Engineer: 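Let me begin by handing over the structure; questions about it come next.
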Amino acid sequence: MSILGTRVIRTEDPRLLTSGGVYVDDLREPDLTGAVRATFVRSTVAHALITGIDTSAALEAPGVVAVFTAADMTDLPTPPPPEPLPDDAPPPEGPNPMGGVWQEPLLAVDRVRFVGEPVAIVLTDGTYAGEDAAELVSVDYDILPAVPSIEAALADESLLFPGAGTNVCVRGGRPIGDDSAFDQCEVVVEGDVVNQRVAALPMEGRATAAVFKGGKLTVWTSTQNAQLARLIFTAVGLPPDAIRVVAPDVGGGFGAKIGVDREQIVVAWAAKRTGRPVRWVETRNENLMAMTQGRAQLHHIKIGGDREGHIKAYRLDVVQDSGAYSRMGGFLPMLTNLMAPGVYDIPVVEADYKAVVTNGTPIAAYRGAGRPEAAATIERVVDWYAAEAGVDPALVRRLNFISKDQFPFVTKTGAPYDTGDYEAALDKVLAAAGYDQLRAEQRRRRAAGETRLLGIGLASYVEITAADGAAGETAKVEVHDDGTATVYTGSSAHGQGHHTAYAMLVQDELGIPMDKIEVLHGDTDLIPEGVGTYASRSLQLGGSAVHKAAIEVKEEAARKAAELFEAAETDVVLDAATGTWHIAGDPDKSLSWGQVAAAGDAGLIVANVRFTADRPTFPFGTQLSLVEVDVETGKVTLLRRVTADDAGPVLNPLLFEGQRHGGIAQGAAQALVEEILYDADGNPLTATLMDYGAITAAELPSFELLTSETATTVNPLGVKGIGEAGTIGATPAVHNAVIDAVSHLGVRHIDMPMTPERVWTAIQKASEK
Amino acid sequence: MIPPSFTYVRATSVDEALGLAAEHGEDAKYLAGGQSLLPLMKLRFAAPVVLIDLGRVTELSYIRDAGTYVAIGALTRHHDVANSELLLADIPLLAHTAEAVGDPQIRHRGTIGGSVAHADAAADLPATLLALDATFVVKGPSGTRPVPAAEFFKGFFETALEPGELLTEIQVPKPARPAAWSFQKFNKRAIDFAMVGVAVQGTSVALINMGSVPLRATAVESALAAGASVADAAQRAAEGTSAGSDIHASRAYREHLARVLVRRALEEASSRS
Amino acid sequence: MKVELTVNGKDITADVEDRTLLVHFLRDVADLTATNIGCDTTSCGACTVLLDGESVKSCTVLAAQADGRAVTTLEGLASDAGEMHPVQRAFHEEHGLQCGYCTPGMVMAIVSLLKENPSPTETEVRQGLEGNICRCTGYHNIVRAALAAAASSGEGASR
């Protein structure tokens, strides 16, 4: 029986559970002995000219080794000018900082644009002296008018980059047409939907340790892709082959650790400049001010349909808050536009976007990166339309789904959906949740005038994974003459359990038991080529690469075994159950993997591949949330989460469910409690975990997960990505549930997060009408 | 993340603590459980030059039945207050309030005296002790004096403690009907401080986070004494309060919450007795 | 100042700055790096260890306050023979960890919770973990692990 599809507990766990993971701050590498500690001096104002930096007091403080500002970094090559793109070209995929007039410096030069922007770096002999010394660096600021919001940015009165002449850094999408499609609709809803700024909040913040020795720079960094990080570190003026990047254990990433960012480059530069090893570990306060954040889109929507529930037209206009520096150009809102219509076959869809800069933390990918925003809005708006039309929201979804026999389906926005069965997912969830009974109980409580009312929220979603399938992923599989195997993957796990998953794939294909398989990742000396883990790409691309390499190993081994048996290759067979080679029909003569490998070049059988996909894949599902709203206070209690998330065949249900659980929690958190806030001067108001509402076990129920496996044709494993899907479906399901609870009072929309005051205020406003 | 430098000294008795405080004067602060003070120091909002650790002053950790009242040593941990059989029987409001403070880790370290002396308007215990008409025993260079809870809290993080004085004991009168209690802590997440909170013992009503100090809802209490219904009396919950507006709640919403929570607390207290 | 702690059964003495936090003493002096730092406001619980058998957030305890006392960290939880503690084992079997960063604190918090409440309900486990933040697991399997550990220890296990 194949091991694939079975619950296999993780090979990663024993070490993590007994001696603990080894994250950057835990490293005790000999090369890091005597490392100085880096502490950044950061801007305390949101928008200002720097008129002076006085480091003299800090330089005299005990334990201080060096203090550097931008003025000291004159040995760096200037960043290359951005490649000119025609105005209507789609933005390049993936992180792509805008350069030129929008260029983000390493340390601030003459201007700061967000509270927390790094202005100087202090190196000290011990950790404790760092904060003391950093306090002694004195920076003079000439305050400029703050641009704390999208609205302020669009007004173009205070410009972050005067050379650009505007705060709008990117525009894209299709031009919005006239209103004729809506004029013919019986029901039209138009309004604004906010997808609020949230923190990525991995439990381990950013951390980097670097040493420059013998002309080589070695950097250990908490990243989702060591190979991309290596390319970025060339900014210190070294070629890639003089740089080694190692990702040790990484305490979560969620997209905010793709590559590395400016502080990490400065740390590497400082190591090169001083010749001392340097270690930097940010505090949570720094993390909540200066690690990239997510979402932050303002949507203007218009949806039209008939009174029976058929949607005729949908328009989505996205304004992306990029924060102070555009790290990704138009990439995120471009994806939002791409996924705008979600699971529905809507005759007319218009979507466009622009991105602005504001005096806030830069925005980049965060679990879903552009797609949660699309799903959160279309699902919210479908419910809103359903309420206006007086049609049950489950029925509206059913009436408008892309049906099973329409796949492959290209949406009006150009998204090539591979496979899906949206109606089946909806049916599963409604049945498991007991939808009719829930509606009955909801009616009963309303009729009885109870103050704790039920809300039922649905979200049917689809999302795009491995959008950069053309970049693919690498894998090298080696079988050694002792019968063990090593897998080198370009994927970069930070909790996902790839070591277990990839070992399962190799055991399945080659019959080598998992406890004889070692999986390595994240070291550019061992794995110079790789893409990394984000966009829910790893199993479908990295796993397919491992699978492909294993097959090539098997083919090469068959040739070797045939030589050893002195038989024809076609007569040689691998018994995957026992991991032994035989001549077909002659079970007594067998060779072990070790024996076959010993016959290989240098005692190894090796295959080194890159797997690419020509298209992305589209996992989908339906999620249902049951909430209780206390209408006297607006407080929301999350009672149940029932989900059917379909990403194709499930390799390891344990890992698959774990990704869904984590995604659901983060999605629910955005709907209920999380929001990054600034005051009118751009000062952060949620820069500690006391103020930023990270969700805990006390706010969440256990989740009810249903299984649904609709394979894709895009890769040989038939799998899509599940890493972000849970989040994408969860936010609108919870959001819709809360509004559903009070829709009978006339409430049609409440912006996230659904804090008690927001909900209560909406109830008050509706009853005043 | 790292507190500024300080000198650590340790007391093993009340007299030793008072002596150290007198010796170091304004530069010194007492350290009890540290669950309020250390976070402030780590964010560098507080920077005492000397910390006098009271952690070994075991003589101040006790819960004693003193007949008409219960005497609690100031250094008794929240965990011990919450699990005290005596308090659960005779003053359940206090035991349940201690259980609501922070999380289990914080309750293993934080002390009732530390919480009272810190006097955060959003804290749980000060309001409950106010509702229970507790008396705080304060010891200083000039002797010992009792301070009623109503006179103890002066302003944001400000109490009647004079420099060098040490809170040694909290005396909590046993309520006539112990079961007539309710503690309503309203927050967005379980770990958050109360957005607004209400402590009720019989017809005594105290409010959390409706001003710079814990407040008795005197308008509610007068209305009840004059025979008003619970629903009517609760409508007066915000009178005389000065709730703040912040990222968690506006003043208007806090006032609304106070009215709802006072009503619920009074209903719950009377249903229990 | 001189501080003497017993950590995982071993006596450790060191001369440290008065302001040294217990978590830094454990990580940098005792060289036990399993205990992690996840925040600066006593909010996240990643630094949870046992102090005289009770869970505390070691970032909010001075090493000086723990002087002369016994601390247990994740590294000290398994038996001398290397056998996992029931809570560790339950985390492994229930997939209660992903990136592992919150895990040491989460495990120690649960060890303490179960010591005080050997048969908790799901609600009691969830409320007992309000001071421990995880971003990867959504808590579902952490709660399962806690309940499984409680059930497996119910038969009078010596821990």
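Each chain gets a letter, A, B and so on, in the order its sequence line appears, and its residues count up from 1. Since the structure is predicted, the reported quantities are computational estimates derived from the model, not experimental observations.
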Engineer: Considering only heavy atoms and a distance below 4.5 Å, find which of G693(A), P753(A), A698(A) pairs most often with chain B.
Structural biologist: G693(A)
Engineer: So what's closer than 4.5 Å to chain B heavy atoms on L689(A): side chain, backbone, both or neither?
Structural biologist: backbone
Engineer: Select, from M690(A), E286(A), E699(A), E675(A), the one with the greatest count of heavy-atom pairs under 4.5 Å involving chain B.
Structural biologist: E699(A)
Engineer: Does R272(B) make a cation-pi contact with W181(B) (under 6.0 Å, within 45 degrees of the axis)?
Structural biologist: yes
Engineer: Under 4.5 Å heavy-atom distance to chain B, tell me which part of T633(A) shows up: side chain, backbone, both or neither.
Structural biologist: both
Engineer: Taking the basic N atoms (NZ, or NE/NH1/NH2) and the acidic carboxylate oxygens, is any pair closer than 4.0 Å for R452(A) and D630(A)?
Structural biologist: yes
Engineer: Chain A heavy atoms under 4.5 Å from D246(B): which part of the residue, side chain, backbone, both or neither?
Structural biologist: neither
Engineer: Please classify the contact between R254(B) and chain A as side chain, backbone, both or neither, with a heavy-atom cut-off of under 4.5 Å.
Structural biologist: neither
Engineer: Checking D691(A) against chain B: side chain, backbone, both or neither under 4.5 Å from a heavy atom?
Structural biologist: both
Engineer: Does a salt bridge link R44(B) with D132(A), judged by any charged N lying under 4.0 Å from a carboxylate O?
Structural biologist: yes
Engineer: Do you know the tightest heavy-atom contact between T696(A) and I191(B)?
Structural biologist: CG2-CG2, 4.5 Å
Engineer: With a 4.5 angstrom heavy-atom cut-off, could you sort out which part of L685(A) is near chain B: side chain, backbone, both or neither?
Structural biologist: both
Engineer: Looking at H256(B), H248(B), M1(B), R259(B), which one has more heavy-atom pairs under 4.5 Å with chain A than the rest?
Structural biologist: H256(B)
Engineer: Please classify the contact between T686(A) and chain B as side chain, backbone, both or neither, with a heavy-atom cut-off of under 4.5 Å.
Structural biologist: side chain
Engineer: Just by modelled atom types, is the E99(B) backbone N or O under 3.5 Å from a matching donor or acceptor in the R107(B) side chain?
Structural biologist: yes
Engineer: By the definition side chain to side chain contact (heavy atoms under 4.5 Å, CB included), identify the one residue from I52(B), L51(B), L31(B) that meets it with V9(B).
Structural biologist: I52(B)
Engineer: With R189(B), which of V673(A), L672(A), I695(A) fulfils side chain to side chain contact (heavy atoms under 4.5 Å, CB included)?
Structural biologist: V673(A)
Engineer: Please confirm whether the ring centroid of F703(A) lies under 6.0 Å from the ring centroid of H661(A).
Structural biologist: yes
Engineer: In terms of heavy-atom proximity below 4.5 Å to chain B, should E135(A) be classed as side chain, backbone, both, or neither?
Structural biologist: side chain
Engineer: Less than 4.5 Å to any heavy atom of chain B: does that hold for the side chain of E757(A), its backbone, both, or neither?
Structural biologist: both
